[in-house]
Visitor: 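Take this structure, written in structure tokens, and hold onto it; I'll ask about it next.
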Amino acid sequence: MTDAHAGPFIAAIDQGTTSSRCIVFDKDGRIVSVDQKEHEQIFPKPGWVEHNANEIWNNVQEVVAGAIEKGGITAADVKAIGITNQRETTLLWDKNTGEPVHNAIVWQDTRTDALCRELGRNVGQDRFRRETGLPLASYFSGPKVRWMLDNIDGLRERAERGDILFGTMDSWVIWNLTGGVNGGKHVTDVTNASRTMLMNLHTMEWDEKIAQSMEVPMEVLPEIRSSAEVYGEVKEGVLAGVPVASALGDQQAALFGQTCFSEGEAKSTYGTGTFLLMNTGSKIINSYSGLVTTVGYKIGDEAPVYSLEGSIAVTGALVQWMRDQMGLINTAPEIETLAASVEDNGGAYVVPAFSGLFAPYWRSDARGVIAGLTRYVTKAHIARAVLEATAWQTREITDAMTKDSGVELTSLKVDGGMTSNNLLMQTLSDFLDVPVVRPMVAETTCLGAAYAAGLAVGFWPDTDALRANWRRAAEWTPHMDPAKRDHEYKYWLKAVERTMGWLEHDES
Ligand SMILES: Nc1ncnc2c1ncn2[C@@H]1O[C@H](COP(=O)(O)OP(=O)(O)OP(=O)(O)O)[C@@H](O)[C@H]1O
Ligand SMILES: [Mg+2]
């Protein structure tokens, strides 16, 4: 460790879709040390995605120990630890043994499609939208809980007896960190709760009526707390005694880490999927354009801050699929080299509707297509179309955001693993026709969790101090011929149309 990183510090755990990591930050919001470990993606059937929660908890403990060791620091230097997590991924476990009753059902999993249609009754997708801000879709947690209660023998009886706890990954990590079967805290924060379809956005409490409609017993639900407050202390391990002081869904954490604290400020995070969130202040803006309304964050006793979100299920995961399943590239960065070897997409378009289409369509019957194929098309054109898919999907979200909010986008703050791809960032700026800006710390997810934890324990005085840490590292400006952009967008939308209605109702 160098003098540049003198303590004290804040640590953050990011329990993500593909990996868990722990990052230690100093007072300037600079990274002191990082440790990261991937976990297995379990695909039992087409459309099903699961994680082993025990493997995840082991990895979390390992990366915490790893980051502390690499930083050459001790628990005494760490003033708080914050938690951020893949959202919606759903777990039920036995509170007496700490054993999960089933693998976690991951947010991308589509097994609850038919159940969601059934829950819509005669009203349809928007049955719970006014209360929860969300359309009925397999993406959210509530129907996943219901699926487990319906499909695991004897589980509903155990749940009604009070022996079973539900949690998204924040709850699972916090419960284990704070002692597990020995007094672990069963809590979640408002941002994670807002993704269950069981929380009322107006009251910030579980909605008993919806829970009843979804047949989820109230007994299993965690206590809903703010995103920045001390929930308890780490019980054992290298950080024993350190306060656990924040929880935010990963996308809300990135909003926080990008310091989007004012109404109208927005960020877009490019990881497994892409999620564009705009701060809408104290306003709960109903979307009529296919976005969702969600909680941005809530600092301690302060009023909650809401946001509008455009969720894209598959962006970085398409690059992974090209690497692991298609063998088109050996590493993710190679997609850029391959794509840059040609001038354009050669007429090809890839629409990765692997889990159906999320925003702005919410179509679970859609499946992926590669459109526009001719003998002319090479793998380099496909690589280019893969990158363009991420940029066009973002464009569809920003169009919806402008319609819903009335705010014209003037620039876009970006972060996440895919932002290291220059060609993608240039393409994004070209397709959106606005500057794209990346901050010095692209690990905004962990940073946001650290910021919230630091605020909770007085490590940072206020959000102004956090804003002062934000520094621009790179910017891309648009230079695409507008007629060409319009032409390409039209063909993209045609390709999207071809994904829809692929599944028959009784198949999904
Ligand atoms: N140079 C690159 N070009 C294109 N895509 C890339 C590049 N580098 C990484 N990716 C993609 O970015 C994703 C990883 O980004 P990131 O590390 O932000 O995701 P993550 O936070 O681990 O995801 P999650 O939180 O969902 O687990 C992977 O899907 C990978 O395919
Ligand atoms: Mg992530």
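Heavy-atom basis, side chains included; hydrogens, waters and symmetry copies ignored. Source: prediction; values computed, not measured. Read the numbers this way: they start at 1 and go in the same order the structure lists the ligands and their atoms.
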Visitor: Would you check whether T18 has a nitrogen or oxygen atom less than 3.5 angstrom from a nitrogen or oxygen atom of ligand 1?
Guide: yes
Visitor: Please check if the distance between the ring centroids of F256 and Y451 is under 6.0 Å.
Guide: no
Visitor: Apply side chain to side chain donor-acceptor pair (under 3.5 Å) to the pair D399 and Y489, showing each step before the final yes or no.
Guide: CA-CA 12 Å; D399 284 356; Y489 195 15; 2.8 Å; yes
Visitor: Relative to the ring of H186, is the ring of W93 parallel (under 30°), tilted (30 to 60°) or perpendicular (over 60°)?
Guide: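 Taking H186 first and then W93, their aromatic rings stand perpendicular (interplane angle over 60°).
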Visitor: Answer yes or no: does atom OH of Y491 have more than 12 heavy-atom neighbours from other residues, nucleotides or ligands under 6.0 Å?
Guide: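 No, not enclosed.
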Visitor: Nearest protein heavy-atom contact for atom 28 (C) of ligand 1: which residue, which atom, what distance?
Guide: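 Of the protein heavy atoms, Q320 NE2, 3.8 Å lies nearest.
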Visitor: Starting from atom 7 (C) of ligand 1, locate the nearest protein heavy atom and write down its residue, its atom name and how far away it is, to 0.1 Å.
Guide: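 Going atom by atom, the protein heavy atom closest to atom 7 (C) of ligand 1 ends up being A332 CB, 3.8 Å.
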Visitor: Return yes or no for this condition: an N or O of R21 is under 3.5 Å from an N or O of ligand 1.
Guide: yes
Visitor: Counting from 1, what ligand 1 atoms have a heavy atom of G16 closer than 4.0 Å?
Guide: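 Those of ligand 1 that fall under 4.0 Å from G16 are 25 (O), 27 (O).
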Visitor: What residue and heavy atom of the protein are closest to atom 4 (C) of ligand 1, and at what distance?
Guide: N421 ND2, 3.6 Å
Visitor: As a check for students: among G316, S19, G416, identify the option with a heavy atom nearest to atom 31 (O) of ligand 1.
Guide: G316
Visitor: Take a 6.0 Å sphere around CD of E99 and say whether it holds more than 12 heavy atoms from other residues, nucleotides or ligands.
Guide: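 Yes - once you tally the heavy atoms of other residues, nucleotides and ligands closer than 6.0 Å, there are more than 12.
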Visitor: Do me a favour and list the nearest non-hydrogen protein atom to atom 26 (O) of ligand 1 with residue, atom name and distance?
Guide: T272 OG1, 2.6 Å
Visitor: Pairs of nitrogen or oxygen atoms closer than 3.5 Å, one from T17 and one from ligand 1: do any exist?
Guide: yes
Visitor: Return yes or no for this condition: an N or O of V319 is under 3.5 Å from an N or O of ligand 1.
Guide: no
Visitor: Could you verify whether a donor N or O on one side chain and an acceptor N or O on the other, from E309 and S311, lie under 3.5 Å apart?
Guide: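 Yes, S311 and E309 have a side-chain donor paired with an acceptor closer than 3.5 Å.
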Visitor: Can you report which non-hydrogen protein atom sits closest to atom 19 (O) of ligand 1, along with the distance?
Guide: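 Protein heavy atom at minimum distance: G271 CA, 3.6 Å.
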Visitor: Looking only at side chains, do S141 and R195 share a donor and an acceptor under 3.5 Å apart?
Guide: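 R195 and S141 do not have a side-chain donor-acceptor pair below 3.5 Å.
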Visitor: Provide the number and element of each atom of ligand 1 under 4.0 Å from a heavy atom of I335.
Guide: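 Every atom of ligand 1 under 4.0 Å from some heavy atom of I335: 3 (N), 4 (C).
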Visitor: Say whether H51 and E40, considering side chains only, have a donor N or O and an acceptor N or O under 3.5 Å apart.
Guide: no
Visitor: Side chain or backbone of T445 under 4.0 Å from ligand 1, or both, or neither, by non-hydrogen atoms?
Guide: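 It is neither; nothing of T445 touches ligand 1.
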Visitor: Kindly assign one of parallel, tilted or perpendicular to the pair Y297 and F261, based on the angle between their ring planes and the thresholds 30° and 60°.
Guide: perpendicular
Visitor: Give me the residue, atom name and distance of the protein heavy atom closest to atom 11 (C) of ligand 1.
Guide: M418 CG, 3.7 Å
Visitor: Find all atoms of ligand 1 within a distance of less than 4.0 Å from any non-hydrogen atom belonging to A317, and give their numbers and elements.
Guide: 29 (O)
Visitor: Do the side-chain N and O atoms of R87 and S194 include a donor-acceptor pair separated by under 3.5 angstrom?
Guide: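 No donor-acceptor contact under 3.5 Å links the two side chains.
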Visitor: Is there a nitrogen or oxygen of G417 sitting under 3.5 Å from a nitrogen or oxygen of ligand 1?
Guide: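 N/O-N/O distance below 3.5 Å exists for this pair.
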Visitor: Give a yes-or-no answer on whether the side chains of W57 and Q61 include a donor-acceptor pair shorter than 3.5 Å.
Guide: yes
Visitor: Can you list the ligand 1 atoms lying under 4.0 Å from a non-hydrogen atom of S420?
Guide: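 That gives atoms 1 (N) of ligand 1.
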